Amino acid sequence: MAEGANYALYEKIYLVCEHIPPGMVATYGDIATIVGGGCDARTVGFALNEMPPEQAHLPWQRIINRQGGISTRGLAQRQLLEAEGVAFDAHDRVIMARYHWAGPSAEWAAAHGFNTLPPRDEGDRAEQLSLF
DNA sequence: CAGATGACTCCCA
DNA sequence: CTGGGAGCCATCT
C-alpha cells in the first residue's frame with residue numbers, strides 16, 4: 001500500500017509527538033515503534049531534525065535517546081524538560097523509570113492506525129531507580 | 001547531478 | 001569490552 005512515499009511517516013511522527021503528555025518523555029525507538037510502517041529510530045530523528053517552523057509547537061524536547069540522555073547538541077533541550085518538571089540524575093539522564101511515556105492509549109492508537117508499546121520489564125525500572 | 005550528513009538504535013564479530 | 005554497519009528522508013555543497 002504505497003501511497004507514494006513514506007514521507008507520510010513524518011506526519012505520523014509529529015502526531016505521536018503531540019500526544020506525549022507534559023512532563024513525560026519518549027525515546028526515538030518508541031516513537032518509531034508506535035508509528036510502525038518501516039519507521040525507524042533514525043527516521044524519527046530525521047523528522048525532528050527537518051521539523052519545519054510550522055511544527056515548532058511540537059514538544060520535540062520530550063523525545064530523547066534510548067539511554068535517557070539528550071542527543072541534541074547545543075540545544076537547550078534539558079532546560080525545556082526541567083521546565084516541565086522532568087528531573088535528571090547525576091548521569092545527566094532523564095529518570096526514565098518515572099518519566100518514560102508508556103505510549104498512547106490502545107484506543108487512540110487503533111483509531112489512528114498506530115501501534116502500542118510492548119510491556120517493559122520491571123527490572124529495568126529497579127535498575128534505573130537504584131542509580132538514583 | 002551525486003555524495004555526504006544529521007536530534008538513533010540494534011546486532012554481530 | 002570495543003567497533004562498525006545497516007535502515008530511513010530531506011537538505012546542503
Side-chain angles (χ1 to χ4, degrees):
Chain A
M1 320 248 289
E3 296 184 11
N6 286 335
Y7 176 64
L9 289 177
Y10 277 39
E11 260 189 66
K12 293 184 175 184
I13 291 168
Y14 296 142
L15 185 57
V16 173
C17 289
E18 271 194 290
H19 268 258
I20 301 176
M24 300 287 282
V25 296
T27 68
Y28 295 90
D30 288 343
I31 301 298
T33 300
I34 294 169
V35 172
C39 180
D40 293 320
R42 207 171 181 181
T43 307
V44 177
F46 292 145
L48 298 179
N49 180 30
E50 302 291 339
M51 190 162 47
E54 47 260 34
Q55 304 291 349
H57 63 89
L58 291 177
W60 60 268
Q61 69 268 28
R62 295 176 193 146
I63 313 296
I64 57 182
N65 63 30
R66 193 64 180 173
Q67 304 168 358
I70 294 184
S71 302
T72 56
R73 310 165 209 170
L75 299 180
Q77 185 171 5
R78 174 170 175 167
Q79 289 186 343
L80 290 172
L81 289 175
E82 288 181 331
E84 291 193 356
V86 177
F88 287 70
D89 62 13
H91 303 279
D92 286 339
R93 292 195 225 168
V94 174
I95 304 173
M96 299 298 278
R98 287 171 63 179
Y99 302 109
H100 194 181
W101 185 38
S105 65
E107 301 176 1
W108 184 87
H112 291 267
F114 288 126
N115 304 314
T116 51
L117 292 177
R120 281 195 280 297
D121 279 340
E122 295 180 3
D124 257 8
R125 305 175 176 225
E127 192 175 348
Q128 287 273 353
L129 287 173
S130 68
L131 286 174
F132 193 47

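In what follows, chains carry the letters A, B, and so on, assigned in the order in which the sequence lines appear, proteins first and then strands, with residues in each chain numbered from 1. Note that these values count all heavy atoms, side chains included, but never hydrogens, waters or copies made by symmetry. The model shown is predicted, which means the values in this text are computed figures rather than measured ones.
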Measure the [atom1]-[atom2] distance between [X] and [Y] for me, rounded to the nearest 0.5 Å.
| X | Y | atom1 | atom2 | value |
| --- | --- | --- | --- | --- |
| I64(A) | Q77(A) | CD1 | CD | 7.5 Å |
| Q67(A) | M96(A) | CD | CE | 10.0 Å |
| I31(A) | F114(A) | CD1 | CZ | 9.5 Å |

Considering only distance and modelled atom types, tabulate donor-acceptor pairs under 3.5 Å from the side chains of residues 35-59 of chain A, sequence neighbours left out.
| residue | atom | partner | partner atom | Å |
| --- | --- | --- | --- | --- |
| T43(A) | OG1 | D40(A) | N | 3.3 |

Taking N or O atoms only and anything under 3.5 Å, show me the protein contacts with nucleotides 11-13 of chain C, one pair per line.
none

Residues two or more places apart in sequence or in another chain: which of them pass salt bridge (charged side-chain N to carboxylate O under 4.0 Å, His left out) with E82(A)?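 Once residues adjacent in sequence are excluded, the partners of E82(A) under the salt bridge (charged side-chain N to carboxylate O under 4.0 Å, His left out) criterion are R78(A).
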Mind checking the [atom1] distance from [N] to [M]? Whole angstroms is fine.
| N | M | atom1 | value |
| --- | --- | --- | --- |
| dA7(B) | dT13(C) | P | 15 Å |
| dG5(C) | dA4(B) | P | 13 Å |
| dA6(C) | dG3(B) | P | 16 Å |
| dT5(B) | dG4(C) | P | 15 Å |

Among all residues two or more places apart in sequence or in another chain, which pass the side-chain hydrogen bond (donor to acceptor under 3.5 Å, both in side chains) test with N65(A)?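 By the side-chain hydrogen bond (donor to acceptor under 3.5 Å, both in side chains) rule, N65(A) matches S71(A).
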Contact list for residues 8-26 of chain A, test salt bridge (charged side-chain N to carboxylate O under 4.0 Å, His left out), sequence neighbours left out: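 Qualifying pairs: none.
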Are W60(A) and T72(A) close enough that some pair of their side-chain heavy atoms sits under 4.5 Å apart?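 Result yes, sub-4.5 Å side-chain heavy-atom pair found.
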Each nucleotide N or O in nucleotides 4-7 of chain C that has a protein N or O under 3.5 Å away: list the pair and distance.
| residue | atom | partner | partner atom | Å |
| --- | --- | --- | --- | --- |
| dG7(C) | O6 | R42(A) | NH1 | 2.4 |

Give one of base, sugar-phosphate or nothing for N65(A), where a contact means two heavy atoms less than 4.0 Å apart.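 Contact class for N65(A): sugar-phosphate only.
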Whole-Å distance between dC9(C) P and Y10(A) OH?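 Atom OH in Y10(A) sits about 8 Å away from atom P in dC9(C).
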Only pairs at least two apart or in different chains count here, so list each side-chain hydrogen bond (donor to acceptor under 3.5 Å, both in side chains) that has a residue in residues 20-37 of chain A.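 Counting only pairs at least two positions apart or across chains, the side-chain hydrogen bond (donor to acceptor under 3.5 Å, both in side chains) contacts touching residues 20-37 of chain A are T27(A)-D30(A), T27(A)-R66(A), D30(A)-R66(A), D30(A)-H100(A).
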Please name all residues satisfying side-chain contact (heavy atoms from CB on, under 4.5 Å) with A102(A), sequence neighbours left out, ordered by chain then number.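 Testing A102(A) for side-chain contact (heavy atoms from CB on, under 4.5 Å), a comparison that skips the adjacent residues, returns none.
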Span of DNA chain B in contact with chain A (heavy atoms, under 4.0 Å):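 First-to-last contact on DNA chain B, by the 4.0 Å heavy-atom rule, is dG6(B) to dC10(B).
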Let me check something: any side-chain donor-acceptor pairs from residues 104-113 of chain A under 3.5 Å, sequence neighbours excluded? List them with distances.
| residue | atom | partner | partner atom | Å |
| --- | --- | --- | --- | --- |
| S105(A) | OG | W108(A) | N | 3.2 |
| W108(A) | NE1 | H19(A) | NE2 | 3.0 |
| W108(A) | NE1 | H112(A) | NE2 | 3.3 |

